[in-house]
Trainee: 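One structure follows; several queries about it will come next.
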Amino acid sequence: MVNNSAKEVRVRFAPSPTGDLHVGNIRTALFDWAYARHTGGKLIFRIEDTDRERVTDEYIARAIETLRWLGLQWDEGPEVGGQYGPYLQSQRLDIYTQWAQTFLKNGDAYNCYCSTEELEARREKQRELNQAPGYDGKCRSLSAAEIAEFEAQGRKPVIRMRMPDGETRFNDLIRGEVVFEHKYVPDFVLMRADGSPLYTLAVAVDDVLMKITHVLRGEDLLSSTPRQIRVYQAMNVKPEDYPLFAHLPFVMGQDNAKLSKRNGEVSIAWYREQGFLPEAICNYLALLGWSPGDDRENISMQELVELFTVERVNSSPARFDMKKLEAINGDKIRALTIEDFLSRALPFLLKDGVITGTENEIEVVKSALPIIQERIARMNEVTAMLKFLFVDQVEFEAESAQKISEEPSQHVIAKALEVLAGLNEWKHDQIEAKLRAALLDELGLKPRVAFGPVRIAVTGSHISPPLFESMELLGKDRSIARLKAAVR
Ligand code: GLU
């Protein structure tokens, strides 16, 4: 196939949002975006919503919002426009109808009157005889009389594409030469009896009309490629003008099964709620099937654009690894400036009702953030980490309450109270020195036994930011009051 590199690169991302975009969709979108940016080409965002029962306005709006949140800007598409619009397939139905009619007229397609029951019965027979499944060509060359008979019976035809004998060969940019023998690619439906188009028709017509040069998409669509190429031929597109295909490897779950809800493929909205940063999601997804050429794992969007080439995309499946995503998220959190960290933390604290958003509260949060920045891997952890600073009284979980009511906790807390009451300079290093001398040196306790009860008394939880810093932030009066309250 002729190389398209002389033309302006036009890549499209063309989801059918039948739910929230998920990991697989976003990985495709990211690669489309990176390829467009790397080549200085255009990213076209097209919504494939011909199935309006499953693709709703709400899902479309969410898909748009998700891409924006991730920073994957498109050059043509919804909200942006462009000279090849509209970019919602539901607004292009006339175009598909016209092309289907042209194919009928030129003999590339034909009306097929077979009913669902008849097709099913024949498929059953194919199964029995161990024949390749698919349409058997029954209506390929109906006589005028047969057509009249079907019409008289009130049958409404579908429009079916005629697949010629032979094979389709194309050079996939990732998988190399791919060959499909047409005996395995039966004549396929372009338009349903109700006049609605099928995916294969709409996608191929739009890729041609929108002058798409590169189709980077999931490997699950590989087998529909020969049908799409058949549509290009029927549209009289010259082979050198066909888009080039690059089928991205599957994303597998940890258990080696194709990614699904069960093993981690949940919507990007879920990752967002959990406090994964958009730059971490993009960084991690970039590594799912692509590599920058060395083993670095922390890459910026800028570096992705500079380094992204299709040659570096792997053809073998990539495995989704939540632990690695979390590690990258932690790295990205640590790299934030305090201002940036603050602006990303506030929505979680507000949503969880930890703060109401007063200036004073925001100041407290800001002063507390440096001590938790090293300790969290997801932004939603800020709630559990900082809650103790904003409550009048800490609430203990049953287990913690039990623990501090027993010995040696009671003794530890009493001792802590005794040495801290006289401490004038309420700084974390002073607090630490006092507590170490009293609890470790004097009482001879291990750090966990010594500091655990103090931590629970002061913060309500055994998970918290570093203890001494937490006590400094909380202030002397409140710290002492909480220690007192913990004494039976
Ligand atoms: N709309 C199709 C889907 O979401 C993808 C179209 C394509 O990339 O060719 O499955």
Side-chain angles (χ1 to χ4, degrees), residues 9-36 41-56 59-64 66-67 72 74 76-78 84 86-93 95-96 168 170 172-175 178 180 185 188-190 196-232 235 237 242-251 258-261 265 267-268 285 289 310 313:
V9 167
R10 292 176 58 81
V11 200
R12 89 304 195 272
F13 173 54
S16 307
T18 51
D20 279 320
L21 296 183
H22 51 71
V23 168
N25 297 134
I26 294 300
R27 200 267 314 249
T28 301
L30 179 67
F31 284 26
D32 288 330
W33 175 86
Y35 190 67
K42 295 270 188 311
L43 179 66
I44 291 88
F45 177 21
R46 182 174 72 226
I47 304 274
E48 308 215 315
D49 61 340
T50 51
D51 182 354
R52 270 306 187 141
E53 302 217 328
R54 294 176 63 220
V55 180
T56 62
Y59 289 140
I60 294 173
R62 295 231 286 258
I64 292 171
T66 298
L67 288 192
L72 305 178
W74 53 98
E76 292 174 27
Y84 300 99
Y87 295 89
L88 262 68
Q89 287 191 329
S90 59
Q91 295 171 9
R92 303 172 60 81
L93 299 177
I95 300 175
Y96 312 131
T168 298
F170 63 95
D172 187 280
L173 297 177
I174 294 167
R175 337 197 81 75
V178 181
F180 283 95
V185 188
F188 56 96
V189 178
L190 297 168
S196 62
L198 273 100
Y199 161 72
T200 324
L201 173 64
V203 76
V205 165
D206 284 348
D207 284 342
V208 170
L209 298 185
M210 295 181 182
K211 301 219 171 350
I212 300 304
T213 60
H214 292 75
V215 173
L216 276 67
R217 61 179 179 184
E219 191 186 314
D220 49 329
L221 293 162
L222 181 65
S223 65
S224 81
T225 310
R227 297 184 188 86
Q228 283 163 240
I229 290 179
R230 175 69 186 111
V231 175
Y232 306 155
M235 290 173 84
V237 179
Y242 295 171
L244 299 178
F245 288 91
H247 287 93
L248 308 173
F250 279 127
V251 181
K258 224 186 122 191
L259 205 57
S260 71
K261 283 225 170 67
E265 180 179 22
S267 69
I268 291 295
L285 293 184
V310 176
V313 178

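Start at 1 and go down the list; that is how both ligands and their atoms are numbered.
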Trainee: Got a sec, which residues hit salt bridge (Lys or Arg N to Asp or Glu O under 4.0 Å) with Arg46, two or more places apart in sequence or on another chain?
Mentor: Glu48, Asp206, Asp207
Trainee: Tell me, which residues have any heavy atom less than 4.0 Å from some atom of ligand 1?
Mentor: Arg12, Ala14, Pro15, Ser16, Glu48, Tyr199, Val203, Arg217, Leu221
Trainee: Going by distance alone, is a donor N or O of one side chain under 3.5 Å from an acceptor N or O of the other, for Arg217 and His247?
Mentor: yes
Trainee: Using 30° and 60° as the class boundaries, would you call the ring planes of Phe13 and Phe45 parallel, tilted or perpendicular?
Mentor: parallel
Trainee: Here's a test for you: under side chain to side chain contact (heavy atoms under 4.5 Å, CB included), which of Leu67, Thr66, Ile60 qualifies with Ile64?
Mentor: Ile60
Trainee: Give me each pair satisfying salt bridge (charged side-chain N to carboxylate O under 4.0 Å, His left out) with a member in residues 14-32, each pair once, sequence neighbours excluded.
Mentor: Asp20-Arg62
Trainee: Restricting to salt bridge (Lys or Arg N to Asp or Glu O under 4.0 Å), what partner residues turn up for Arg52, sequence neighbours left out?
Mentor: Asp49, Asp57
